[in-house]
Undergrad: 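Can you keep this structure in mind? I'll have questions shortly.
As the structure lists them, so they are numbered: ligands from 1, and atoms in each ligand from 1. Everything numeric in this text was worked out from a predicted model, so none of it was measured. Side chains included, hydrogens not; waters and symmetry mates left out as well; all remaining heavy atoms used. All residue numbers refer to positions in the sequence shown, counting from 1.
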Amino acid sequence: MKPTALVIGAGIGGIATAARLAKNGYSVTVLEKNDQPGGRCNQIVREGHRFDIGPTLFLMPEVWEETFASLNEKLSDHLDLRRIDPTYKVRFKDGLQLELTSNISEMQAQLEKVEKTAFTGFLNYIAEGSKHYKISLEKFVGRNFYNIFDYFSLSNLPLIFRLKALKKHYANVSRFFKDERLKAAFTFQNMYLGLSPYDAPATYSLLQYTELAEGVWYPMGGMYAGIQALVKVAEKLGVKFIYGAPVKRLEIAGNKIEGAILEDGRVFTADVFVGNADLPYIYDQLLPDRAEAKKLDEKLYTCSTIMFYWGVDKQYPQIAHHNVFLGGNYKDSFDRIFKDHTLPDEPSFYIHAPTRTDESAAPEGQDTLYVLVPVGHLDENSRQDWDALVARARQQVLERLAKEMNINDLNDHIKFEIVHTPKIWKEKFNLAKGAAFGLSHNFWQVGYLRPHNRHTKYKNLYFAGASTHPGTGLPIVLLSARLTTERILKEMGTITEQNLVAARAAANA
Ligand SMILES: Cc1cc2nc3c(=O)[nH]c(=O)nc-3n(C[C@H](O)[C@H](O)[C@H](O)COP(=O)(O)OP(=O)(O)OC[C@H]3O[C@@H](n4cnc5c(N)ncnc54)[C@H](O)[C@@H]3O)c2cc1C
């Protein structure tokens with residue numbers, strides 16, 4: 001008889017783990033609380049406007065390719081990827097604009113206008129990012145750590161220093177650029193990890209390298225097309241998805257999970273359980289051990305976001321596909337988000353206008369605009385009046401668009417508006433503290449120090465997703481699915497290490 005697996009959550013991590021387990025002979029069922037898959041990588045379609053609600057940057061396509069290859073599929077048969085270059089338009093309050101691009105001579109011209117030596121700084125910075133990317137992926141992100149000695153091994157220790165894991169990103173970027181605006185332009189990307197560059201390890205310069213060298217991509221049909229493709233492949237492999245199926249608690253027998261009990265009382269049993277719902281939420285809400293849940297509650301969490309999804313009856317071509325508006329007082333704005341857990345006085349924000357690349361995202365001649373404003377996560381000890389913060393964020397976004405882009409009539413052309421606050425991230429997807437990107441990624445919360453992808457006590461409970469190893473972001477969660485599957489197959493005796501190496505080699509070929 002086939003071994004059975006039950007996956008809790010149909011986020012990208014849950015779908016990919018389910019598909020990989022099915023490919024390796026498991027009979028897999030996925031229980032998802034919402035009525036469609038995707039989790040944070042979801043979509044809203046209304047009046048012909050199609051919004052991706054969370055991720056908009058398709059990064060590290062090679063990781064997606066490996067996932068599909070491991071399932072005997074070709075990514076290009078499923079997704080029509082288009083490279084977005086310039087990746088973003090970055091705007092500063094003083095009027096400076098930069099277009100981050102892989103076109104080296106264009107970067108040179110732009111950077112040298114700001115600072116004479118900035119282009120050399122840029123080349124060195126990207127070279128360092130490339131080194132960080134390669135070492136991280138091979139030695140830290142793309143592998144499991146089974147014990148502390150695996151992680152702090154004699155061969156890894158020097159790498160931790162080479163990766164500048166103990167150095168702060170903002171301090172490190174100052175070696176390459178003097179102009180504060182350039183330092184901001186090459187560190188704000190830490191927000192994708194939900195981190196302040198003043199706290200993020202310098203290792204994360206790898207993100208800028210990834211974007212400019214490996215590219216920022218867009219799947220035609222939207223980011224959700226990636227989820228739809230994965231679900232299709234998983235279903236083809238026999239995975240059964242059950243939607244509208246919120247798990248209420250996990251039933252325990254000794255050191256094993258025996259079953260998942262749904263809100264409506266239904267019980268599902270399996271040999272192996274995979275928690276894809278946010279890991280701290282699972283410990284807090286689905287498992288009995290209060291001490292473990294409390295320890296997790298005290299960890300550092302990423303920021304949250306206020307989102308505006310606007311269906312607009314007019315097009316604003318001056319807004320590019322990806323636009324970043326950096327607020328004033330860079331350092332203070334991160335303190336307001338990460339220390340005071342609120343909205344900065346002069347918030348930075350990001351606008352996504354997918355119709356620049358994909359006309360199908362809006363009715364003809366109209367726009368689908370997504371605005372992301374980073375804010376603090378939910379915190380009982382901070383005064384958080386979300387209605388007031390949303391109103392201020394909205395006003396400040398519209399004011400900047402009017403002042404800097406001469407867009408004065410947007411408010412009159414918004415046909416409908418959907419707003420997400422940290423409370424909605426929490427309610428809709430059970431994200432602990434409404435932290436949009438899950439647990440934070442400082443030195444003490446990565447690698448072996450991050451909550452493990454197997455529960456220490458309940459031996460048949462595994463985790464795949466943003467808050468376990470290796471971390472957040474779609475491609476990194478795809479890696480999490482690979483690592484968790486490999487671990488299950490190894491520990492449940494379904495596959496040997498030797499087979500695993502052979503399987504990986506075959507997939508890479
Ligand atoms: C605003 C925003 C922008 C982002 N931008 C990017 C980007 O541009 N590029 C990028 O790569 N990444 C981006 N990310 C990060 C990325 O979205 C996440 O890292 C990734 O989607 C996490 O996937 P996951 O599978 O870990 O979790 P989730 O997507 O959270 O999936 C978990 C699933 O579990 C379900 N669930 C929860 N509780 C239960 C329960 N009790 N029973 C059953 N099901 C349950 C949830 O409904 C959900 O479907 C962004 C995230 C956000 C929020």
Side-chain angles (χ1 to χ4, degrees), residues 6-18 29-42 51-61 63-64 84 87-88 189 191-194 207 210-211 216-218 223-224 226-227 230 241-250 260-263 268 274-282 284-286 302-307 309 322 350 352 370-375 377 420 422 424-432 434-439 441 463-468 470-481 484:
L6 197 70
V7 179
I8 300 156
I12 190 165
I15 305 164
T17 311
T29 303
V30 180
L31 301 173
E32 166 56 48
K33 85 182 261 287
N34 292 320
D35 55 11
Q36 59 189 54
R40 281 165 264 190
C41 185
N42 226 299
F51 302 88
D52 284 308
I53 69 159
T56 55
L57 303 164
F58 189 103
L59 302 171
M60 299 166 75
V63 174
W64 287 80
I84 311 294
T87 54
Y88 321 91
Q189 295 85 345
M191 287 299 274
Y192 313 162
L193 300 170
L207 268 172
T210 319
E211 287 182 358
V216 171
W217 299 79
Y218 178 84
M223 299 295 284
Y224 198 63
I227 295 295
L230 268 178
F241 287 86
I242 305 179
Y243 300 109
V247 174
K248 192 176 173 197
R249 73 187 161 84
L250 293 170
I261 301 174
L262 263 55
E263 298 272 0
F268 287 81
V274 180
N276 167 239
D278 200 25
L279 181 142
Y281 155 83
I282 296 183
D284 188 43
Q285 296 289 317
L286 307 186
T302 58
C303 63
S304 193
T305 60
I306 291 174
M307 312 290 305
Y309 307 107
H322 298 293
Y350 158 81
H352 184 227
Y370 150 132
V371 184
L372 181 162
V373 189
V375 285
H377 63 61
H420 275 190
I424 296 194
W425 289 122
K426 180 173 176 178
E427 281 157 20
K428 198 153 173 53
F429 301 111
N430 286 333
L431 300 181
F437 309 89
L439 275 175
H441 304 79
F463 301 95
S467 288
T468 184
T472 202
L474 298 173
I476 306 301
V477 175
L478 285 177
L479 286 174
S480 161
T484 302

Undergrad: Name the one of Val7, Thr17, Ile8 that satisfies side-chain contact (heavy atoms from CB on, under 4.5 Å) with Val30?
TA: Val7
Undergrad: Name all residues meeting the ring pair (Phe, Tyr, Trp, His ring centres under 6.0 Å) criterion together with His441; count only those two or more places apart in sequence or in a different chain, and write none if there are none.
TA: none
Undergrad: So, is Gly465 polar-close to ligand 1, with some N/O to N/O distance under 3.5 Å?
TA: no
Undergrad: Could you check whether any heavy atom of Leu59 sits closer than 4.0 Å to an atom of ligand 1, since that is the contact criterion I want to use?
TA: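 It does not; every heavy atom stays at 4.0 Å or beyond.
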Undergrad: As a check for students: among Ile15, Val7, Asn276, identify the option with a heavy atom nearest to atom 32 (C) of ligand 1.
TA: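 Answer by nearest heavy atom: Asn276.
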Undergrad: Please state whether Ala464 comes within less than 4.0 angstrom of ligand 1, counting heavy atoms only.
TA: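 No; Ala464 lies far enough from ligand 1 that no heavy-atom distance drops under 4.0 Å.
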Undergrad: Just wondering, are more than 12 heavy atoms of other shown residues or ligands nearer than 6.0 Å to NZ in Lys33?
TA: yes
Undergrad: Indicate, with yes or no, if the rings of Phe51 and His352 have centres closer together than 6.0 Å.
TA: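 No - the distance between ring centres of Phe51 and His352 does not fall below the 6.0 Å cut-off.
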Undergrad: Flag Pro475 as yes when one of its N or O atoms lies below 3.5 Å from any N or O atom of ligand 1, and as no otherwise.
TA: no
Undergrad: Would you say Arg40 and ligand 1 have an N/O pair spaced under 3.5 Å apart?
TA: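 Indeed, backbone or side chain, Arg40 has an N or O that close.
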Undergrad: Is Ile53 close to ligand 1, meaning an N/O of one under 3.5 Å from an N/O of the other?
TA: no
Undergrad: Between Trp425 and ligand 1, does any nitrogen or oxygen pair lie at a separation below 3.5 Å?
TA: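 No, no N or O pair falls under 3.5 Å.
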Undergrad: Please check whether Gly14 reaches ligand 1 - meaning an N/O of the residue sits under 3.5 Å from an N/O of the ligand, judged on distance alone.
TA: no
Undergrad: Polar contacts were defined as any N/O atom of the residue lying under 3.5 Å from an N/O atom of the ligand; does this apply to Asn430 and ligand 1?
TA: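 In this structure, Asn430 places an N or O atom under 3.5 Å from an N or O of ligand 1.
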Undergrad: Evaluate Tyr281 for polar contact with ligand 1, using N/O atom pairs at a separation under 3.5 Å.
TA: yes
